[in-house]
Amino acid sequence: MMSRTESRIAKTTMTEIDFKSFPTTRYQGSKRKILPWLHEHTKNLEFNTVLDAFGGSGSVSYLFKKMGKSVTYNDKLKFNSIIGKAIIENQNVTFLKEDLENLKEWIKSNDYNDFIEKTFKGIYYLPKENKWLDGINNGIINMNHYRGKTLEYKKSMTYYALFQACLIKRPYNLFHRNNLSMRTADVERNFGNKVTWEKSFKMYFEKFILEANKLVFDSQTPCFSLNKSVFDLDNVDYDLVYLDPPYLNKKETNETTNYLKCYHFLEGLANYNKWEKLIDFNSANLRFKNIDKGNHFRRENVTETFEELIKKFQNSTIVLSYKSGGNPSIDTLVRIMKKYKKNVYTRSIPYVYALKRPGTDIKKSREVLIFGI
Ligand SMILES: C[S@@+](CC[C@H](N)C(=O)[O-])C[C@H]1O[C@@H](n2cnc3c(N)ncnc32)[C@H](O)[C@@H]1O
């Protein structure tokens with residue numbers, strides 16, 4: 001155990017952050033690339049406990065963890081919260097070489113479930129890849145060499161590597177369409193990366209397990225990962241709340257606002273044993289049933305939703321990530337923030353996401369932070 005002084009020194013040193021060592025992520029809306037800017041604007045705020053309410057890939061939580069804060073990661077999707085377990089809450093469990101060997105045994109053991117192979121033929125991956133996915137899920141379910149939190153973190157690291165491998169092998173890194181043919185069609189391509197898609201799951205899995213191992217560190221401060229809708233969180237007692245909600249553009253042409261639509265396959269992997277019951281078998285890409293149910297970020301009431309959020313966390317310092325061209329407008333959000341907070345200001349930089357929307361004006365596109373202190 002570190003003494004208090006040592007711990008303070010460690011935290012100070014952690015403010016010189018090596019961003020190159022952060023998780024590589026292909027998650028839509030990830031703030032990975034602008035973390036240094038986010039760090040610049042949060043490092044002088046006074047806070048110790050922080051809620052990353054819409055955690056996604058975990059990259060912002062990881063920044064706060066590196067800053068020595070007591071971080072609570074949260075995301076409504078279970079697969080994301082597992083990533084939060086692996087790299088935020090977990091402070092010291094890594095995946096050993098022998099775990100990899102054991103995993104191969106666990107894959108073979110017990111009644112073999114071939115759910116993905118049977119169900120997702122021709123939709124996202126090749127038949128032998130679907131078989132591999134069933135295998136690894138059987139392996140995770142049969143993991144039994146550990147107990148308690150150690151088991152939970154080992155499993156979450158396995159999932160971390162599995163999810164990253166699934167993403168990297170998908171066109172656009174998404175599951176919103178059944179477009180396996182983009183990979184298999186014999187055509188000249190001026191998009192995507194055929195070479196990346198065709199590399200094996202096994203290779204990617206082992207690569208991302210190593211990445212996960214490198215990400216685990218003990219920040220000497222408790223961190224947590226939750227799996228709730230932000231509107232259902234009971235505890236609002238955080239010094240700082242970081243909000244990075246799904247983004248609606250003014251025309252609402254972005255079909256990817258609903259994260260469950262984009263990543264239902266990973267959510268299925270995280271719920272492997274009950275996946276079959278969750279699927280809408282009438283949909284072409286076998287997404288989940290009731291996909292829009294419980295999605296608060298819809299055009300009809302999005303301004304009220306933002307007000308509900310800001311009101312909920314009015315006793316904390318609020319940092320809201322946003323971008324230009326959104327619904328509601330930045331002016332509306334500033335007006336709402338001023339109703340609940342005394343000191344309100346914004347900061348912005350030019351920024352365009354990798355998956356830019358048709359019609360995005362690259363020159364005018366800006367990433368914005370709205371502060372309510
Ligand atoms: C813009 S992304 C966050 C990106 C994240 N900051 C990062 O750097 O990766 C928004 C996230 O909010 C989650 N989400 C959507 N509605 C939610 C809700 N009601 N409560 C909690 N999380 C929600 C989505 O699953 C998605 O991961």
Side-chain angles (χ1 to χ4, degrees), residues 19 22-39 42 50-66 71-84 86-88 160 163-164 167 173-176 215 224-236 238 240-249 254 256-268 270-271 287-288 291-298 301-302 304-310 312-313 318-323 326 351 353-355 357 367-370:
F19 290 99
F22 274 50
T24 58
T25 167
R26 285 149 201 87
Y27 195 65
Q28 173 178 255
S30 161
K31 296 291 171 284
R32 167 76 174 85
K33 290 200 178 125
I34 50 171
L35 289 178
W37 176 69
L38 198 56
H39 180 232
T42 50
V50 51
L51 170 69
D52 181 6
F54 300 85
S57 67
S59 52
V60 177
S61 282
Y62 199 75
L63 167 66
F64 289 137
K65 189 174 173 184
K66 283 275 177 189
V71 186
T72 301
Y73 167 102
N74 177 61
D75 199 282
K76 189 174 141 177
L77 295 180
K78 184 174 172 187
F79 86 88
N80 278 328
S81 76
I82 293 175
I83 293 176
I87 63 172
I88 306 298
Y160 176 94
F163 299 150
Q164 303 306 325
L167 285 175
N173 311 120
L174 294 172
F175 298 88
H176 62 322
L215 292 172
F224 310 93
S225 175
L226 305 178
N227 176 210
K228 285 201 163 193
S229 169
V230 64
F231 302 99
D232 297 334
L233 287 176
D234 297 326
N235 183 6
V236 290
Y238 298 95
L240 188 142
V241 174
Y242 173 71
L243 302 172
D244 185 14
Y247 171 83
L248 269 80
N249 64 21
N254 42 341
T256 44
T257 302
N258 181 333
Y259 278 75
L260 185 55
K261 261 187 198 159
C262 303
Y263 299 106
H264 59 94
F265 191 85
L266 303 187
E267 195 64 358
N271 289 286
R287 63 193 197 187
F288 276 27
I291 202 113
D292 283 317
K293 201 174 156 204
N295 178 19
H296 288 73
F297 293 89
R298 290 195 294 198
N301 54 355
V302 66
E304 291 76 16
T305 298
F306 272 93
E307 174 141 11
E308 189 182 341
L309 259 183
I310 291 170
K312 178 167 180 137
F313 295 111
I318 299 176
V319 180
L320 169 61
S321 263
Y322 208 62
K323 50 183 184 163
Y351 186 65
Y353 285 81
L355 244 190
R357 313 284 162 215
E367 184 72 25
V368 182
L369 287 174
I370 303 172

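Since the model is a prediction, treat every value here as computed from it, not as a measurement. Just so you know, ligand 1 is whichever comes first in the structure, and atom 1 is the first atom listed for that ligand.
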#### Entry: Under 3.5 Å donor-acceptor, Asn74 side chain and Lys228 backbone
yes

### Task
Might you work through the side-chain contact (heavy atoms from CB on, under 4.5 Å) test for Leu233 and Leu51, ending with a clear yes or no?
CA-CA 11 Å; Leu233 287 176; Leu51 170 69; 3.8 Å; yes

### Task
For the pair Ser57 (side chain) and Ser30 (backbone), establish whether a donor and an acceptor sit closer than 3.5 Å, ignoring hydrogens and angles.
no

## Note on the structure
Closest to atom 18 (C) of ligand 1 among protein heavy atoms sits Lys76 CD, 3.6 Å

### Message
Could you identify the single nearest non-hydrogen protein atom to atom 2 (S) of ligand 1 and state the distance to 0.1 Å?
### Response
Tyr259 OH, 3.3 Å

### Message
Given Gly55, Gly29, Pro246, identify the one with the heavy atom nearest to atom 15 (C) of ligand 1.
### Response
Pro246

### Task
Specify whether Tyr263 and Phe79 have parallel, tilted or perpendicular ring planes, treating 30° as the upper limit for parallel and 60° as the lower limit for perpendicular.
tilted

### Atom indices of ligand 1, in the order listed, that fall short of 4.0 Å to a heavy atom of Phe231
19 (N)

### Check: Asp52 N/O within less than 3.5 Å of ligand 1 N/O
no

### Query
So, Thr257 side chain and Tyr247 main chain: donor-acceptor pair closer than 3.5 Å or not?
yes

### Query
Using 30° and 60° as the class limits, which term best fits the ring planes of Tyr242 and Phe64: parallel, tilted or perpendicular?
perpendicular

#### Entry: Closest protein heavy atom (residue, atom, distance) for atom 20 (N) of ligand 1
Val230 N, 2.8 Å

### Proximal ligand 1 atoms for Asn80, defined as those under 4.0 Å from one of its heavy atoms
25 (O), 27 (O)

### Message
Suppose we measure from atom 25 (O) of ligand 1 to each protein heavy atom; which comes out shortest, and what is that distance?
### Response
Asp75 OD1, 2.8 Å

### Message
Under a 3.5 Å distance rule, please check whether Lys76 uses its side chain to pair with a backbone N or O of Gly294 as donor and acceptor.
### Response
yes

### Summary
One finds that the ligand 1 atoms under 4.0 Å from a non-hydrogen atom of Ser30 are 7 (C), 8 (O), 9 (O)

#### Entry: Sub-4.0 Å atoms of ligand 1 with respect to non-hydrogen atoms of Lys228
20 (N), 21 (C)

### Query
Which is it for Ser321 and ligand 1 at heavy atoms under 4.0 Å: side chain, backbone, both or neither?
neither

### Message
If we ignore hydrogens and angles and just use 3.5 Å, is the side chain of Ser225 paired with the main-chain N or O of Ser81 as donor and acceptor?
### Response
yes

### Summary
One finds that the ligand 1 atoms under 4.0 Å from a non-hydrogen atom of Ser59 are 7 (C), 8 (O)

### Task
Heavy-atom contacts with Tyr27 under 4.0 Å: which atoms of ligand 1 show up? List them by number with element.
9 (O), 25 (O), 26 (C), 27 (O)

### Message
Could you identify the single nearest non-hydrogen protein atom to atom 19 (N) of ligand 1 and state the distance to 0.1 Å?
### Response
Ser229 OG, 3.1 Å

### Task
Please step through side-chain contact (heavy atoms from CB on, under 4.5 Å) for the pair Tyr160 and Ile83, ending with a clear verdict.
CA-CA 6 Å; Tyr160 176 94; Ile83 293 176; 3.9 Å; yes

### Query
Quick one: does Ala53 get within less than 4.0 Å of ligand 1, heavy atoms only?
yes

### Task
Would you check whether Lys31 has a nitrogen or oxygen atom less than 3.5 angstrom from a nitrogen or oxygen atom of ligand 1?
yes

### Query
Short question: side chain of Lys31, backbone of Ser59 - any donor-acceptor pair under 3.5 Å?
no

#### Entry: Residues Ile87, Tyr73; criterion side-chain contact (heavy atoms from CB on, under 4.5 Å); working and verdict
CA-CA 10 Å; Ile87 63 172; Tyr73 167 102; over 6 Å; no

#### Entry: Aromatic ring proximity Tyr27/Tyr259, centre distance under 6.0 Å
yes

### Query
Judging by distance only, is a nitrogen or oxygen of Tyr242 under 3.5 angstrom from one on ligand 1?
no

### Task
Measure the distance from atom 4 (C) of ligand 1 to every protein heavy atom, then report the residue, atom name and distance (to 0.1 Å) of the closest one.
Asp244 OD2, 3.3 Å

### Task
Answer with side chain, backbone, both or neither: which part of Thr25 has a heavy atom less than 4.0 angstrom from an atom of ligand 1?
neither

#### Entry: Enumerated ligand 1 atoms positioned under 4.0 Å from heavy atoms of Leu77
25 (O)

### Query
Nearest protein heavy atom to atom 14 (N) of ligand 1, by residue and atom, and its distance?
Phe54 CD2, 3.7 Å

### Task
Would you mind listing which atoms of ligand 1 come within a distance below 4.0 Å of any non-hydrogen atom of Ser57?
7 (C), 8 (O), 9 (O)

